K.L.:
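Submitted below is the structure of interest, expressed as structure tokens.
On a predicted model such as this, the values are computed, not experimentally measured, just so you know. Only heavy atoms go into these numbers, but all of them, side chains included; no hydrogens, no water, no symmetry mates. If you read the sequence from its start, that first residue is 1, and numbering goes on from there.
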Amino acid sequence: MPANLASVVGHKQPDQPVSWNKRDLIIYAIGIGAKHDDFPFVYELDKSFAAFPTFPVVLPFRGNNADVNNFAETVGKGIPIPGIPPLDPNKIVHGTQSIEIIKPLPLVSGPGWKWTSRVTGIAENKSGLILTSENLLVSPATDVYAKLYSSSFNLGAKVTGEKFTKVIAGPPQAKPIPKDRKPDMIVQAQTSPDQAIIYRYISSVIFTDARIGKAAGFGGVILHGLSSFGFAARAIIKMMANNDPHALKFIGVRFTAPVKPGDTLETQAWEVGPGPDGTTEITFVTKNLTSGKVALGGGIAYIRKAPKTKL
């Protein structure tokens, strides 16, 4: 049958069972660079201990599996999307990621949680195929705890060989960086040379193996983009909300350049107005000071500022 890219949009994948425990929450926090002064996220006996708000981004990698996983094998065994040929998991590049935190996560999931997924956008160009998915984290009581959007760039993938775009849903987009003033917040963070190894225990082996990084065109081991995403979220929460686990309501980025373990990241943020439900809207960018390139662009966040926070 002839390919019909328009029919791909709206396609729902089978629900995926997911689960987590306190150990998973702590490993994730360490994987995104949490330190000894980040007790609300790394010490389960702290009175404010909570899931770091971006934790749900790792759930599609983990699923309901308590063991380590190989992302390439997971994708390879996944259910294909009708109308799209099989995609090479080693040539899939994460394009964008956002998460809206609707409810705080329980510290231990228990059974019955699920991850839902539907395609909300597709684009084909001369370089490959871009897929956008909407994901929901749903409790056993069918309450939605988080809504996420992610896009993947599938290098070299072809369906029709012609330009095509259709999008039915997506996250809010960042306002432009103000050109008339310096950032209201600048935070530097040093990634560890072992950062990719740490992060893979809560997510995926894919960027720990230099062979995979080379196959994807990165020249070797790189840090998972979602770890860099977490570094940026940590910077914003710490500086604007005194590490309040429940202050961040939404964050989204575009992945623009790879980060290698050991690189230094600098997040620059600007307050650009009120956000929804009493939040402050932030526009930000995360630069890789080691490479001189922007690692995360188009950054947007909605956060409830701590009362005494001064920008």
Side-chain angles (χ1 to χ4, degrees), residues 28-29 32 34 38 40-41 48 50-57 94-105 120-121 132-138 143-151 167-187 189 225-226 228-256 265-287 294-311:
Y28 173 75
I32 60 172
D38 294 313
F41 309 116
S48 299
F52 193 84
T54 56
F55 171 78
V57 300
H94 204 156
T96 64
Q97 181 68 56
S98 72
I99 178 170
E100 177 186 358
I101 301 94
I102 298 172
K103 292 185 176 184
L105 292 187
T120 58
T132 300
S133 296
E134 177 190 81
N135 303 110
L136 302 177
L137 176 59
V138 184
D143 293 323
V144 176
Y145 274 66
K147 177 188 285 188
L148 305 89
Y149 286 99
S150 64
S151 67
V167 179
I168 59 172
Q173 300 299 299
K175 293 178 180 177
I177 291 175
K179 296 181 179 180
D180 59 346
R181 58 189 172 97
K182 295 181 179 180
D184 298 308
M185 179 192 80
I186 298 177
V187 178
L226 288 175
S228 302
F229 178 69
F231 268 82
R234 280 185 51 243
I236 292 171
I237 292 174
K238 178 172 286 189
M239 294 302 295
M240 298 202 64
N242 292 336
N243 257 354
D244 179 354
H246 308 302
L248 185 68
K249 300 303 177 183
F250 175 86
I251 185 170
V253 301
R254 183 175 68 253
F255 300 104
T256 54
L265 301 177
E266 180 178 272
T267 298
Q268 302 175 358
W270 290 259
E271 183 179 346
V272 292
D277 301 322
T279 61
T280 296
E281 182 174 354
I282 302 297
T283 289
F284 70 92
V285 62
T286 298
K287 297 182 177 181
V294 173
L296 305 176
I300 173 176
Y302 300 143
I303 190 167
R304 289 200 175 99
K305 292 168 53 180
K308 296 182 180 180
T309 295
K310 295 182 180 180
L311 293 179

K.L.:
Hey, is CG on Asp143 packed in by over 12 heavy atoms from elsewhere, all under 6.0 Å?
P.N.:
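Count over threshold, so yes.
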
K.L.:
Evaluate the side-chain contact (heavy atoms from CB on, under 4.5 Å) criterion for residues Thr256 and Val294: first the C-alpha distance (whole Å), next the side-chain angles of each, then the deciding distance (0.1 Å), finally the verdict.
P.N.:
CA-CA 6 Å; Thr256 54; Val294 173; 3.6 Å; yes

K.L.:
Roughly how far, to the nearest 0.5 Å, is NZ of Lys305 from CD of Glu271?
P.N.:
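These two atoms lie 4.0 Å from each other.
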
K.L.:
Can you tell whether the side chains of Lys238 and Asp38 come within less than 4.0 Å, N to carboxylate O?
P.N.:
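Asp38 and Lys238: salt-bridged.
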
K.L.:
Is it true that Thr96 and Ser151 share a donor-acceptor pair across their side chains at a distance under 3.5 Å?
P.N.:
yes

K.L.:
Look up atom CH2 in Trp270 and atom NZ in Lys182, then write down how far apart they are to the nearest 0.5 Å.
P.N.:
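The CH2 atom of Trp270 sits 11.5 Å away from the NZ atom of Lys182.
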
K.L.:
Are Ser133 and Ser150 close enough that a side-chain donor and a side-chain acceptor fall under 3.5 Å?
P.N.:
no

K.L.:
What pair of heavy atoms forms the shortest contact from Ala174 to Gly298, and how long is it?
P.N.:
CB-O, 3.4 Å

K.L.:
Got more than 12 heavy atoms from elsewhere within 6.0 Å of NZ, Lys249?
P.N.:
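For Lys249, atom NZ is crowded (more than 12 foreign heavy atoms under 6.0 Å).
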
K.L.:
Considering non-hydrogen atoms only, spot the tightest contact between Thr120 and Ala169 and give its length.
P.N.:
OG1-O, 3.2 Å

K.L.:
Go through it in stages, so that I can follow the logic: the residues are Met240 and Ile282, the test is side-chain contact (heavy atoms from CB on, under 4.5 Å), and I'd like the CA-CA distance, side-chain angles, deciding distance and then a yes or no.
P.N.:
CA-CA 10 Å; Met240 298 202 64; Ile282 302 297; 3.4 Å; yes

K.L.:
Any side-chain heavy-atom pair from Leu137 and Val144 closer than 4.5 angstrom?
P.N.:
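Heavy-atom side-chain distance check fails, nothing below 4.5 Å.
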
K.L.:
Quick one: pull up OG in Ser48 and NE2 in His246 and give me the separation to the nearest 0.5 Å.
P.N.:
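The NE2 atom of His246 is 7.5 Å from OG of Ser48, to the nearest 0.5 Å.
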
K.L.:
Using a 4.5 Å cut-off on heavy atoms from C-beta on, say whether the side chain of Phe255 contacts that of Phe229.
P.N.:
yes

K.L.:
Are any non-hydrogen side-chain atoms of Arg181 and Asp184 less than 4.5 angstrom apart?
P.N.:
yes

K.L.:
Indicate yes or no: at least one non-hydrogen side-chain atom of Pro171 is less than 4.5 angstrom from one of Gln173.
P.N.:
yes

K.L.:
Which value, rounded to the nearest 0.5 Å, describes the distance between Phe231 atom CZ and Leu265 atom CG?
P.N.:
6.5 Å

K.L.:
Once rounded to the nearest 0.5 Å, what's the spacing between atom CZ of Phe284 and atom CD1 of Ile300?
P.N.:
9.0 Å

K.L.:
Do Arg234 side-chain atoms and Ile32 backbone N/O form a donor-acceptor pair below 3.5 Å?
P.N.:
yes

K.L.:
Which distance, rounded to the nearest 0.5 Å, do you find between the CD1 of Ile177 and the NZ of Lys175?
P.N.:
14.0 Å

K.L.:
Report the relative orientation of the aromatic rings in Phe52 and Tyr28; use parallel for angles under 30°, tilted for 30 to 60°, perpendicular for over 60°.
P.N.:
tilted

K.L.:
Are the side chains of Met185 and Val187 in touch, meaning some heavy atoms are under 4.5 Å apart?
P.N.:
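Side-chain contact under 4.5 Å: yes.
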
K.L.:
Can you give me the closest heavy-atom contact between Ala241 and Ala247, atom names plus distance?
P.N.:
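Minimum heavy-atom separation between Ala241 and Ala247: CB-CB, 3.4 Å.
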
K.L.:
Is there a side-chain contact (heavy atoms from CB on, under 4.5 Å) between Leu105 and Phe55 once you walk through the steps?
P.N.:
CA-CA 9 Å; Leu105 292 187; Phe55 171 78; 3.7 Å; yes

K.L.:
Would you say the side chain of Phe41 lies within less than 4.5 Å of the side chain of Asn243, judging by non-hydrogen atoms?
P.N.:
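Sidechains of Phe41 and Asn243: in contact.
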
K.L.:
Testing Pro40, Pro53, Pro245 for side-chain contact (heavy atoms from CB on, under 4.5 Å) with Ile237, which one passes?
P.N.:
Pro53

K.L.:
Mind listing the closest non-hydrogen atom pair of Tyr145 and Pro104 along with its distance?
P.N.:
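Here Tyr145 and Pro104 meet closest at CE2-O, 3.2 Å.
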
K.L.:
Do Lys147 and Asn135 come close enough that some side-chain heavy atom pair is under 4.5 Å?
P.N.:
no

K.L.:
Please report the closest heavy-atom contact between Leu248 and Ile101, naming both atoms and the distance.
P.N.:
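That would be O-CD1, 3.6 Å.
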
K.L.:
If we only count heavy atoms from C-beta on, is the Gln97 to Val57 side-chain gap below 4.5 Å?
P.N.:
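Contact flag for Gln97/Val57 side chains = yes.
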
K.L.:
Is a donor from one side chain sitting under 3.5 angstrom from an acceptor on the other, for Tyr149 and Glu134?
P.N.:
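Yes, Glu134 and Tyr149 have a side-chain donor paired with an acceptor closer than 3.5 Å.
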
K.L.:
To check you understand the geometry: which heavy-atom pair defines the closest contact between Leu296 and Ala232, and what is its length?
P.N.:
CD1-CB, 3.8 Å

